[in-house]
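Chain letters run A, B, ... following the sequence lines, proteins first, then strands; residues in each count from 1.
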2 protein chains.
Amino acid sequence: MKDLSGKQAQILEFLREFIEDKDYPPSIRDIQEGCGISSTSVVDYNLRKLEEKQMIRRDREISRGIEVLGARGRRPRVVEIPVLGAIAAGQPIPVPTSDRWASDAEDTVSVTEDMVRGKSNVFALRVKGKSMIEDLIDDGDIVFLEPARSAVDGDKVAVWLKDRGEVTLKRFYHEGNRIRLQPANSTMEPIYSAPDNVEIQGRFVSSFRPAD
Amino acid sequence: MKDLSGKQAQILEFLREFIEDKDYPPSIRDIQEGCGISSTSVVDYNLRKLEEKQMIRRDREISRGIEVLGARGRRPRVVEIPVLGAIAAGQPIPVPTSDRWASDAEDTVSVTEDMVRGKSNVFALRVKGKSMIEDLIDDGDIVFLEPARSAVDGDKVAVWLKDRGEVTLKRFYHEGNRIRLQPANSTMEPIYSAPDNVEIQGRFVSSFRPAD
DNA sequence: GCACCGTCCGAACGCATGTTCGCCGCAACT
DNA sequence: AGTTGCGGCGAACATGCGTTCGGACGGTGC
């Protein structure tokens, strides 16, 4: 069931390379030529075999209707995340109110969908400066956030501190009638603030750190 | 040059959705039906216009030879990174000597190519435990490393400390006739070691932190 | 030997699909 | 009105491409 002949493996490999390269599936005759096969019927024959073995899917009656199945075939869904700007202590970030940022985003980053947990409307911020290093966020990191106005205890959120006039990323805790913003490092003291002084901008989804 | 008529925008949108959905480009008649156009020649006419405007690329004489260009069209190249295992203080990591790990990798992660800088043979490790939190690497993080046996000053490398019997991620500095492994946090002291006691496993490329 | 089966070959068949061509309606000019 | 250009229409045309069919070649079992 799983093992396939040399020619079938060759065809499968050719399929992957062709699709990767050209962005559309090859025709029967493309495969024929690319694999050095002398007849289209041989290709058809082996494609049927591959289909039986669940390696590919074919849309009959449709030109180039071949689809490679399996982990290497099904391309992971890629989403474009708008990078809205930089976040640094002392500087506000422009937080969108509408849900269409694609136009005013200065930059975008493409990531596989599982990196943002399939959430929608995720946006990204480029971290500037070392000011948040105690939150395990380094200079140059990219943080992915989902829009949020509220948080539950323990959430990592980007909050706008009205009195300080700055945005920071901390863990969020309700504590009596005040808010505790907890850094992730034991050597740092938490920030306490009145609830109406903090304005939640977004909830942490994930982060990425490129090389230096 | 940039603005396109309503019908052209409609066709372009249809192209994207169709390709996203089916994994192969539509035929002229697919577009005709999908956009409610009464003649194939109209589709052809507008496709030529789109091609003039550099919005798409057509492979003449080839069925479904349409390719959407631009940021939203050209899919970012996705590479599969083998996750070789977990890294935690006190435990060695199995570092491959050959360059074919795909078979023995327990897991893989798909990321867009720019996340690993287009480097080849990159592998990934899942961070276990909080033991490296001072290097801005948290529990659950995924670090991407490229195989390396040497490093230049300042590189973040995964090193095997023979005397301690553990692997850790630090910045690497030659300092006289010893090696300094520098954490990224000022409250932590660097580790000094003899050159023959450290064995470099891989060089840090990037890291990713999923949500809690 | 013979029959059977998996694989391959070459050619023909026929639908699917891209391309071309003449014509029309409409708006903006002269 | 006449002209020009753009966008659309429908049909015919030419080719791309999937499919089918008769047959060949090499194993394997009887």
Under-4.0 Å side-chain N/O to phosphate OP1/OP2 contact, A:Asn46 with C:dC8: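 Answer yes for this pair, as a side-chain N or O of A:Asn46 is under 4.0 Å from OP1 or OP2.
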
Ignoring backbone atoms, test whether A:Lys49 places a side-chain nitrogen or oxygen under 4.0 Å from the OP1 or OP2 oxygen of C:dG6.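 No, because none of the side-chain N or O atoms of A:Lys49 sits under 4.0 Å from OP1 or OP2 of C:dG6.
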
Give the intermediate values and the outcome of side chain to side chain contact (heavy atoms under 4.5 Å, CB included) for residues B:Arg203 and B:Phe172. CA-CA 10 Å; B:Arg203 187 173 9 243; B:Phe172 183 94; over 6 Å; no

At under 4.0 Å between heavy atoms, how does the protein contact nucleotides 16-22 of chain C? Give one character per nucleotide, 5' to 3', with B, S or -. SBBBBB-

May I have the distance from [X] (atom [atom1]) to [N] (atom [atom2]), rounded to whole angstrom?
X: A:Glu33; N: D:dC17; atom1: CD; atom2: P; value: 11 Å
X: A:Leu47; N: D:dC17; atom1: CG; atom2: P; value: 14 Å
X: A:Tyr45; N: C:dT7; atom1: OH; atom2: P; value: 3 Å
X: B:Leu50; N: D:dG7; atom1: CG; atom2: P; value: 11 Å

Name all residues meeting the side-chain contact (heavy atoms from CB on, under 4.5 Å) criterion together with A:Glu51; count only those two or more places apart in sequence or in a different chain, and write none if there are none.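 side-chain contact (heavy atoms from CB on, under 4.5 Å) check on A:Glu51 returns A:Ile56, A:Arg58, A:Arg60.
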
The criterion is side-chain contact (heavy atoms from CB on, under 4.5 Å); which residues satisfy it with B:Phe14, sequence neighbours excluded?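 B:Phe18, B:Pro26, B:Ile31, B:Cys35.
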
Do B:Glu13 and B:Glu17 come close enough that some side-chain heavy atom pair is under 4.5 Å?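 In short, these two side chains touch, coming nearer than 4.5 Å.
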
Taking the side chain as every heavy atom from C-beta outward, state whether B:Ile11 and B:Ile37 have any pair of such atoms under 4.5 Å apart.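 Answer yes - side chains close enough.
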
Is a donor from one side chain sitting under 3.5 angstrom from an acceptor on the other, for A:Ser27 and A:Asp30?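 A pair is found: one side chain offers a donor N or O, the other an acceptor, under 3.5 Å apart.
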
Judged by each residue's nearest nucleotide on DNA chain D, which is more toward the 5′ side, A:Ser39 or B:Val42?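 That would be B:Val42.
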
